Amino acid sequence: MTDEAREIIADLQHIVAPDGIQENFQLPAGGIDHWVYTRGQDRSNPVILFIHGGPATPLAPVSWQFQRPIEEYFTVVTYDQRAAGRTLRSVDPATISDTLTIARYVEDAIELAEQIRDRYGVEKLVLIGHSWGTLIGVQAAVRRPDLFHAYVGIGQVIDARANETHCYEYAVAQAELHNHTEALEQLASIAPYPGDQPLTRERIIIARQWAQYRGGLSAFRHETGYFFDAPLLSPEVHGRGHRDPRSRQPLHARPGDRRDARDRSDDDHRLPDSAGDVLRAARLHHADRAG
């Protein structure tokens, strides 16, 4: 049934306009090949280069849910960053583990922007960064303004630790307001947050899952499968993996029981277990540098 649904969505998403463009390909940057995805209804439209969040949260498996209207007015180019999606699966994770620095991600974005500009014959691109991607995007725009018409930050990162503080305070306030004992106990276990301790994945998950329980992405829902299962229907997922029955986890599950969206995607976008240390290193580096 999932395969049939994916085929239907792929047909709906297929760009048939004579002046349209729909292609996936690889471009080199920083010594490795990056998977790139381009879609648009008219090649003469301005070109967007979108830098996804995370780290390691590719846009390709979820873009089918929202991107189509934008493609009427822009040619949208996205890519899987190093240590993410198909780009990661194209290399040995051990060979890039010491390259996961913000500076390297910025250089990758610039190198890709230069090639995309040449490939589509445009003078400049519109650069968009989301969340983690804003750390990369804003620096790329400052360093190479000649490549971009404009920079757009979505969920712009300004001060990562201040962001975590506000998130935690909101979660605690909501838990106290609703007398939510379980939430209060878990939030107390990481206090003071963020404090002077490293922003580890485990601590971040505890803080954010309870903030999201009363607001944000999963407000007023008791599980997140509705969002994390969506990539299984993506036309860009060419592997034929099987849905893990644990994928629908309640928001109040223990952090160790919850799985990331990247673990639920099918083969081509699922990260191998050996990438775990790579991703943890990237997240900790991001947190330390941003804070």
Side-chain angles (χ1 to χ4, degrees), residues 1-27 34-54 56-81 84-87 109 112-113 116-117 119-122 124-134 137 148-156 216-218 221 224-241 243 261-262 264-270:
M1 182 63 72
T2 299
D3 289 349
E4 293 176 3
R6 187 186 294 116
E7 290 173 1
I8 292 172
I9 292 172
D11 191 28
L12 287 170
Q13 291 288 101
H14 184 54
I15 292 177
V16 297
D19 295 324
I21 182 170
Q22 179 178 359
E23 60 179 358
N24 301 344
F25 52 93
Q26 290 178 292
L27 290 177
H34 289 66
W35 273 98
V36 182
Y37 313 86
T38 300
R39 292 178 53 87
Q41 295 290 331
D42 189 334
R43 289 172 179 265
S44 67
N45 282 337
V47 179
I48 288 174
L49 175 59
F50 192 101
I51 304 178
H52 69 69
T57 308
L59 190 71
V62 297
S63 62
W64 65 271
Q65 301 174 66
F66 58 82
Q67 186 173 288
R68 187 59 183 266
I70 303 172
E71 296 164 4
E72 296 289 337
Y73 306 99
F74 296 90
T75 295
V76 183
V77 181
T78 65
Y79 68 97
D80 292 352
Q81 298 165 20
R86 289 178 181 153
T87 298
L112 292 171
I116 291 165
R117 183 182 63 169
R119 184 183 184 95
Y120 297 125
V122 295
K124 295 185 178 184
L125 312 171
V126 176
L127 183 62
I128 299 179
H130 171 236
S131 191
W132 147 263
T134 66
F148 309 112
H149 287 294
Y151 166 71
V152 180
I154 303 172
Q156 180 69 49
L217 175 67
S218 298
R221 291 179 179 265
T224 55
Y226 78 97
F227 177 78
F228 289 123
D229 284 350
L232 296 176
L233 298 177
S234 171
E236 296 300 345
V237 176
H238 297 294
R240 291 296 181 261
R243 180 178 179 277
R262 61 177 182 271
R264 295 193 197 87
S265 298
D266 278 357
D267 290 343
D268 281 354
H269 271 96
R270 188 181 62 227

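Computed from a predicted structure; not experimentally measured.
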Using modelled atom types only, decide if a donor and an acceptor are shared between the side chain of [X] and the backbone of [Y] within a distance under 3.5 Å.
X    : Y    : result
T134 : G153 : no
H52  : Q81  : yes
N24  : W35  : no
R39  : Q67  : no
T38  : V77  : no

Take atom CZ of F25 as the centre, draw a 6.0 Å sphere, and report whether it contains more than 12 heavy atoms from other residues, nucleotides or ligands.
->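 Correct, the count exceeds 12.
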When rounded to the nearest 0.5 angstrom, what is the spacing between [atom1] in [X] and [atom2] in [Y]?
X    : Y    : atom1 : atom2 : result
I51  : L127 : CD1   : CG    : 4.5 Å
D80  : R86  : CG    : CZ    : 7.0 Å
R119 : L112 : CZ    : CG    : 11.5 Å
F50  : I128 : CZ    : CD1   : 6.5 Å
N45  : Y73  : CG    : OH    : 9.5 Å
Q13  : R6   : CD    : CZ    : 13.5 Å

Of the non-hydrogen atoms in [X] and [Y], which two are nearest, and what is the gap between them?
X    : Y    : answer
G20  : R43  : O-NE, 3.5 Å
A5   : L233 : CB-CD2, 3.6 Å
S131 : G53  : CB-CA, 4.4 Å
A84  : A56  : CB-CA, 3.6 Å
S234 : A60  : OG-O, 3.5 Å
G137 : Y151 : C-CE1, 3.6 Å

Run through L27, I116, L49, L59 and flag the one making a side-chain contact (heavy atoms from CB on, under 4.5 Å) with Y79.
->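 Exactly one pass, corresponding to L49.
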Non-hydrogen side-chain atoms of I21 and Y120 separated by less than 4.5 Å |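 They are in contact (side-chain heavy atoms under 4.5 Å apart), so the answer is yes.
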